[in-house]
Amino acid sequence: MPEFPRYRPRRLRRTEALRALVRETRLSPSQLVLPLFARPGTGVRQAVQSMPGVHQTSVDELVKDARAAADAGVGGVLLFGIPERKDEQGTSAWDDDGPVQRAVRALKQELPQLVVVTDVCMCEYTSHGHCGVLVNGEVDNDATLELLSREALSHARAGADIVAPSDMMDGRVGAIRTALDDAGLLNTAIMSYSAKFAGAFYGPFRDAAESTPQSGDRRGYQMDAANAEEALRETWLDIEEGADIVMVKPAGPYLDVIARVKAETGYPLAAYQVSGEFAMIQAAADRGWIDRERVMMESLLGIRRAGADVIITYFATEAARLLR
Ligand code: PBG
């Protein structure tokens, strides 16, 4: 490499045109996915306290938010459901008339070009708020697989392009792939939350999805924040079981994991900028401590630079508008 004073990196930083010419990483609206929360009813739009700008909406209102996202060029939406009732087994998860299933049908009719992803998990549907069935106070892995498969099938039958299991049970990708294939749903893709870390960054989401565990926490199934090698094993397992897209979640505090998973698997990779990451930026900006738009774009660019192909973010519509 040439040395100073022959080589001066500042030469290419002098104007925006020069900087743009040699920019290594670009963000495109089509890579962004917007999470949306569907609840029963019509004309319902309830603000989520800990996530300013995020709402739980009935399907009619959800379609409006999805249309605004699509108009801005956002690539897809990720649907979560708040059901009418919850029970021990989370049986409303596979109700073909549930809020997620109805939202999928409405979106596929109104906005057929928008990619529709559904979150597959039990925590929004169980009365205890855990991501699977409880047996003697512990989430039973193998008994949960059957329930997740039913839920994924119901989403796929409604027309979801991609189902995204976020429960972290072992073997769920394989179980869901088999269930989809047996039902002839060969083209429904699986985006697996493969390296999903247990931690405090999901707090605001649990308000939004009303899915806080009534007792205990999720450390018995989600990953330990200290483990990157294990994240690779988890990801390879999901790939071998049939995942089409893998995921690292949260995003910002796990950029090293994003970089390694991308480099070592080469698979399409999604990263989820979760509720806590979003809330921190919103809160600091509200106090006037940071420039909201610039921090938002820088945080997304960093996730992209680390290696994510897809970014799931509550900023999707706004970021897409700025990118246009
Ligand atoms: C469901 C699920 C969670 C998130 C996505 N899917 C919550 C959790 O695991 O507790 C978190 C998303 C966010 O924080 O934005 N299991």
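One-based numbering, in listed order, for ligands and for the atoms of each. As the structure is a computational prediction, the values presented were derived from the model and not from experiment. Just so you know, residue 1 is the first one in the sequence shown, and it goes up from there.
By the 4.0 Å heavy-atom criterion, M168 is excluded from the residues contacting ligand 1. Residue contacts with ligand 1: K249 is included, with a non-hydrogen atom under 4.0 Å away. Between E277 and ligand 1 there is no heavy-atom distance shorter than 4.0 Å. Using a 4.0 angstrom heavy-atom cutoff, F278 does not count as in contact with ligand 1.
For Y272, every heavy-atom contact with ligand 1 shorter than 4.0 Å involves the side chain, none the backbone.
With a 6.0 Å cutoff to the six-membered ring centre and a 45° limit on the axis angle, R287 counts as a cation-pi contact of W289. Cation-pi geometry between K196 and Y254 is not met: the NZ or CZ atom fails to fall both under 6.0 Å from the ring centre and inside 45° of the normal.
When each atom of ligand 1 is checked for a heavy atom of C123 under 4.0 Å away, the hits are 1 (C), 16 (N).
Residue-to-ligand polar distances place S275 within reach of ligand 1: an N/O pair is separated by less than 3.5 Å. On a distance-only criterion, E124 and ligand 1 share no N/O pair closer than 3.5 Å.
Aromatic ring centroids of F201 and Y272 lie 6.0 Å or more apart.
A tilted orientation is assigned to the rings of F315 and F278, their planes being inclined by 30° to 60°.
In this structure, Q31 contributes its side chain and S28 its backbone to a donor-acceptor pair below 3.5 Å.
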Report the C-alpha distance between R102 and D96 in whole Å, list the side-chain angles of each, state the deciding distance to 0.1 Å, and finish with yes or no for salt bridge (Lys or Arg N to Asp or Glu O under 4.0 Å). CA-CA 8 Å; R102 290 199 300 111; D96 288 334; over 6 Å; no
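Put simply, CZ on R157 and OG1 on T188 are 11.0 Å apart, with the number rounded to the nearest 0.5 Å.
Shortest contact from atom 1 (C) of ligand 1 to any protein heavy atom: S166 OG, 3.3 Å.
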